[in-house]
Amino acid sequence: MTAWYQTFAWLADPANWAGPGGIPARLGEHVVYSLVTLIVAVAIAVPIGVIIGHTGKGRAVAVQLSGALRALPTLGVVLLLALWLGTGLGPPLVALVVLALPPLLAGAYAGVSAVDRQTIDAARGIGMTETQVLFKVELPLAMPIIIGGIRSGALQVIATWTVAAYLPVGGLGRFIYDGYAVQNYAEMLGASVLVIVLALVADGVFALIQRLVVPRGVVVGRASDVRVRSSKRLATTSQSTTAG
C-alpha cells in the first residue's frame, strides 16, 4: 500500500511534469517513437501480406518467418543492433520495426485469405479485373482483420519501446531505468502505470477504428441474418403454441 501511495505521490508531484525530462515530454517521445515504428512496419508488412493473401503464394514462408521473428528476444535484438549500428535512435527503431512485423504480416495475409472465395469468384464473374477484386472486394472485407493486426502490433511496439530505453534514448522507459539506478521504486511503478494507460488508450482507439472499417454491407448482412433468425424462431414458437 505504501508503494502505491508513493507511486501516486510521484505521479502527482508537479516537479515531475515540468522540463525536458518531465512526464509530458517523455510521454510525447514515447508516442512519437511508437508511431514512427508502427508506420514503417505497416508500410513494409501490410503490402507484402496483402499480396500473399491475394495470390496465395509464399504463405508458408510468411508463417515460418512470422514465427521466427516472434521468437527473437527484444532486448537481445536491440543490444545486438546497438553494437552493430552504434547508440542512438536508429538501433532500437530498426529492432522494433523487425519485431512489429509478425502481427502486421499475419493480420494482412490472414484477412485477405479469409475472404469468401465465392464472393471473389462472383466479382471476377461480373468482369472485375484482379486489381478491382483486390481493392474493391478483398481489402474492404479484410480491413477489420488487418486493423486487428495493426492493433496487436501497436500494443507490442508501445510495450517494447519501454525496454529499448536501455539505450540512451527517451520515452517512458527512461523513468524505469533511471529509477532502477537509484532504487526509486515509485518512479519505476509510476512509469509502468503510464505505459499501461497509454497502451489501453491506443487499444481503445484501434478497437474503435476496427469497428468503423467494417463494410456497411457486412453490417447490414449481419443485421439481416439476426432478423431472419429471430423471425424463424418466432414462427417456430407460434407453431408450437398453436399445435399445443
Please report the interatomic distance [atom1]([X]) to [atom2]([Y]), rounded to the nearest 0.5 Å.
| X | Y | atom1 | atom2 | result |
| --- | --- | --- | --- | --- |
| Leu38 | Leu104 | CG | CG | 6.5 Å |
| Glu138 | Asp116 | CD | CG | 11.0 Å |
| Ser192 | Leu172 | OG | CG | 9.5 Å |
| Glu130 | Thr55 | CD | OG1 | 10.5 Å |
| Arg26 | Ile23 | CZ | CD1 | 11.0 Å |

Just wondering, do Leu11 and Leu194 contact through their side chains at under 4.5 Å, heavy atoms?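 A side-chain contact exists here, since the closest heavy-atom pair is under 4.5 Å.
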Would a single hydrophobic cluster contain both [Y] and [X], if residues Ile, Leu, Val, Met, Phe, Trp and Tyr are joined by side-chain heavy-atom contacts under 4.5 Å?
| X | Y | value |
| --- | --- | --- |
| Trp10 | Val197 | yes |
| Leu155 | Val97 | no |
| Val40 | Leu105 | yes |
| Ile150 | Met143 | yes |
| Ile146 | Ile39 | no |

At their closest point, which heavy atom of [X] faces which heavy atom of [Y], and how far apart are they?
| X | Y | result |
| --- | --- | --- |
| Pro103 | Ser152 | CB-OG, 3.9 Å |
| Phe135 | Leu139 | CD2-CD1, 3.6 Å |
| Ala114 | Ile145 | CB-CD1, 4.3 Å |
| Leu96 | Val157 | CD2-O, 4.0 Å |
| Ala191 | Ile176 | CB-CG1, 3.7 Å |
| Ala108 | Val50 | CB-N, 3.9 Å |

How would you list all residue pairs meeting salt bridge (charged side-chain N to carboxylate O under 4.0 Å, His left out) that involve residues 32-57, not counting sequence neighbours?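 For residues 32-57, and leaving out neighbouring residues, there are no salt bridge (charged side-chain N to carboxylate O under 4.0 Å, His left out) pairs at all.
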Applying salt bridge (charged side-chain N to carboxylate O under 4.0 Å, His left out) as the test, list every pair that has at least one member in residues 140-154; sequence neighbours left out.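 Non-adjacent pairs meeting salt bridge (charged side-chain N to carboxylate O under 4.0 Å, His left out): Arg151-Asp203.
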Run the numbers on Leu189 and Trp4 for side-chain contact (heavy atoms from CB on, under 4.5 Å), then give the verdict. CA-CA 8 Å; Leu189 191 54; Trp4 281 109; 4.2 Å; yes
With sequence neighbours excluded, residues passing side chain to side chain contact (heavy atoms under 4.5 Å, CB included) with Ala123: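 Counting only residues at least two positions away or on another chain, Ala123 forms a side chain to side chain contact (heavy atoms under 4.5 Å, CB included) with Met128, Val133, Val137.
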Partner residues of Asp121 under the side chain to side chain contact (heavy atoms under 4.5 Å, CB included) criterion, sequence neighbours left out: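 For Asp121, the residues satisfying side chain to side chain contact (heavy atoms under 4.5 Å, CB included) (neighbours in sequence not counted) are Arg124.
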Is the backbone of [Y] close enough, under 3.5 Å, to the side chain of [X] for a donor and an acceptor to pair up by distance?
| X | Y | value |
| --- | --- | --- |
| Gln6 | Tyr185 | no |
| Thr162 | Ala159 | yes |
| His30 | Ile158 | yes |

Residues in salt bridge (Lys or Arg N to Asp or Glu O under 4.0 Å) contact with Glu187, at least two apart in sequence or another chain: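 Glu187 satisfies salt bridge (Lys or Arg N to Asp or Glu O under 4.0 Å) with no residue once adjacent residues are dropped.
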Under the criterion side-chain contact (heavy atoms from CB on, under 4.5 Å), I'd like the reasoning laid out for Trp161 against Val195: C-alpha separation, chi angles, the key distance, then a yes or no. CA-CA 10 Å; Trp161 260 111; Val195 173; over 6 Å; no
Please identify each residue that fulfils ring-ring contact (aromatic ring centres under 6.0 Å, His included) with Tyr177, with sequence neighbours left out.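 With sequence neighbours excluded, Tyr177 shows a ring-ring contact (aromatic ring centres under 6.0 Å, His included) to Tyr166, given in chain and number order.
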List the steps, then state whether side-chain contact (heavy atoms from CB on, under 4.5 Å) holds for Ile52 with Val61. CA-CA 10 Å; Ile52 292 173; Val61 176; over 6 Å; no
